[in-house]
2 protein chains.
Amino acid sequence: MSLIIQNISKHISLTQEEECLFLSKTQILNYKAKTIVLHSGEICKHSYFVNHGLLRSFNINDNIVEHVLHFACEGWWIGDMYSLISQKPGNLFIEVLEDAEVVLLSKENQEILYQEIPKLERFFRILTEKSLVSNQERLMDNLSLSAEERFEKFCKKYPTLIQKVPQKQIASYIGVTPEFFSTMKSKMLRK
Amino acid sequence: MSLIIQNISKHISLTQEEECLFLSKTQILNYKAKTIVLHSGEICKHSYFVNHGLLRSFNINDNIVEHVLHFACEGWWIGDMYSLISQKPGNLFIEVLEDAEVVLLSKENQEILYQEIPKLERFFRILTEKSLVSNQERLMDNLSLSAEERFEKFCKKYPTLIQKVPQKQIASYIGVTPEFFSTMKSKMLRK
DNA sequence: AAAGCAACTTAATGTAGATTAAGAAATTTT
DNA sequence: AAAATTTCTTAATCTACATTAAGTTGCTTT
């Protein structure tokens, strides 16, 4: 069974026909590393589900400083939620970090699917709730923890990502500069 | 029409019977200011919708430092999403800041309502999506903006709250100490 | 209205993390 | 495999914000 159907089946159960219908509304694309799948300023037309490979979303400050919002590897969803639901230009980039196979679900097809398979409302509600919870936790961590503590939490929460993601992007995710991250890391190793 | 039904009707349409059914599954409670509606360590059993008054959710660090996650005044929802969906003990407090009338929707009744009025899945999906978008924006702001810029955004985004919320809690929301907030504010006025 | 407490202010001092800069290591491109 | 580009490291200096402390204003309680 395809990974995306497995993912959905964790929270709702679909009949064979529903699975087929769902898949028929998606397309699978392969991307090379460094491809920018969505540019800041564009309207986000799709949700992306990662079959394999690694993507990230980030924005860029006036300054040219990047801030990573989200990493997505195998079995994860990614997109620009703001732009996707408002259909206005967003301020996120989505970039492929490692060659990837991605399932695209367009906004229109998603709405069609909501009508044809109302259970999917439930699935995406649950998905969004989980995403919200994890975001709230990250927000509170940024308000209350030191950079070291945030890094430790990151390692525990995403052990597979540490191997894969360039260090400067982990730095950006936890909210410090690459220079500070580097010195902090070697300080932590010395203990 | 009740405020909560208006709120729901912004995104889905309910029949008369559905409205009645929905309301029959809720209860309305009045709280005095300073009431703690939910304590850290408890399992959150309800979603709260504010008819009038003002509530906030926050957590407390080892240190006794509070961090405000969310304010909710008239027409807003509040709860501990993590605890609500996992039904595990949460780490948020929910406190009444101004005498309030609140609609409570229990987790069980919410699940019953999902079965009886499947459209509600859609409503709460959309609600959660909006919440996620606003949270993501706040997270990115915390990563990329200065305290002054965050405060200015707060003022623009929640103009009614500035009048109502004690200053030290705005400080906590934007992620600075009350002392720094105070000096920052008077510096901003001098310009 | 007095007493008590919490919220706000101001100022001095301290520090986590930013910035700048320059070299070393690793990866990509040719 | 050389050249080019990007990532990582180290170290010095700087700054936004925290901490501490003490005083003031404004609520709340009695």
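Order of the sequence lines sets the chain letters (A, B, ...), proteins ahead of strands, with each chain counted from 1. Quick caveat: nothing in here was measured; it's all calculated off a predicted structure.
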Checklist outcome for this item: Between B/F181 and B/K34, the residue closer to the 5' end of DNA chain C by nearest nucleotide is B/K34
Next on the checklist: Below the 4.0 Å mark, does C/dG17 have OP1 or OP2 next to a side-chain nitrogen or oxygen of A/T177?
Outcome noted: no
Item to check | Listed nucleotide nearest any side-chain atom of B/K185, set C/dG17, D/dC8, C/dT9 | outcome: C/dT9
Item to check | Distance-only polar pair, side chains of B/N7 and B/W76, donor-acceptor under 3.5 Å | outcome: no
Checklist entry - Taking CD from B/E98 and C1' from D/dT28, how many angstroms apart are they, rounded to a whole number? => result 16 Å
Checklist entry - With respect to the side chain of A/F180, which nucleotide from C/dG17, D/dT10, C/dT9 is positioned closest? => result C/dG17
Checklist entry - According to the interplanar angle, ranging from 0 to 90°, do the rings of B/F123 and B/W77 count as parallel (below 30°), tilted (30 to 60°) or perpendicular (above 60°)? => result tilted
Checklist entry - Roughly how many Å is it from CG in B/L143 to C1' in C/dA18, rounded to a whole number? => result 14 Å
Checklist entry - C/dA6 C1' sits how many Å from B/L97 CG, rounded? => result 14 Å
Item to check | Atom of B/S40, atom of B/N91 and distance for their closest heavy-atom approach | outcome: OG-CA, 3.5 Å
Next on the checklist: Can you tell me which nucleotide in C/dA21, D/dC17, C/dT9 comes closest to the side chain of A/E179?
Outcome noted: C/dA21
Checklist entry - Between A/L189 (CG) and D/dT10 (P), how many Å, whole number? => result 10 Å
Next on the checklist: If I take atom NZ in residue A/K164 and atom C1' in nucleotide D/dT7, what distance separates them, rounded to the nearest angstrom?
Outcome noted: 20 Å
Next on the checklist: In whole Å, I'd like the distance from the CG atom of A/N142 to the P atom of D/dA16.
Outcome noted: 20 Å
Next on the checklist: Heavy atoms only, 4.0 Å cut-off, all strands: where does A/R190 land among base, sugar-phosphate and nothing?
Outcome noted: nothing
Item to check | Closest listed nucleotide, where the reference is the side chain of A/Q167 and the choices are D/dC17, C/dG17, D/dT9 | outcome: D/dT9
Item to check | Chi angles and distances behind the ring pair (Phe, Tyr, Trp, His ring centres under 6.0 Å) call for B/Y158, B/F71 | outcome: CA-CA 10 Å; B/Y158 307 108; B/F71 294 110; 8.0 Å; no
Checklist entry - Starting at CZ of B/R150 and ending at C1' of D/dC17, how long is that distance when rounded to a whole Å? => result 10 Å
Checklist entry - Are B/R122 and A/F124 in a cation-pi contact, defined as NZ or CZ under 6.0 Å from the six-membered ring centre and within 45° of the axis? => result no
Checklist entry - For the pair made of CD in A/E149 and C1' in C/dA16, what is the distance, rounded to whole Å? => result 12 Å
Next on the checklist: Counting only side-chain heavy atoms from C-beta out, which of D/dA18, D/dT10, C/dG17 sits nearest to B/V176?
Outcome noted: D/dA18
Checklist entry - According to a strict under-4.0 Å criterion, is A/S186 in side-chain N/O contact with OP1 or OP2 of D/dT10? => result yes
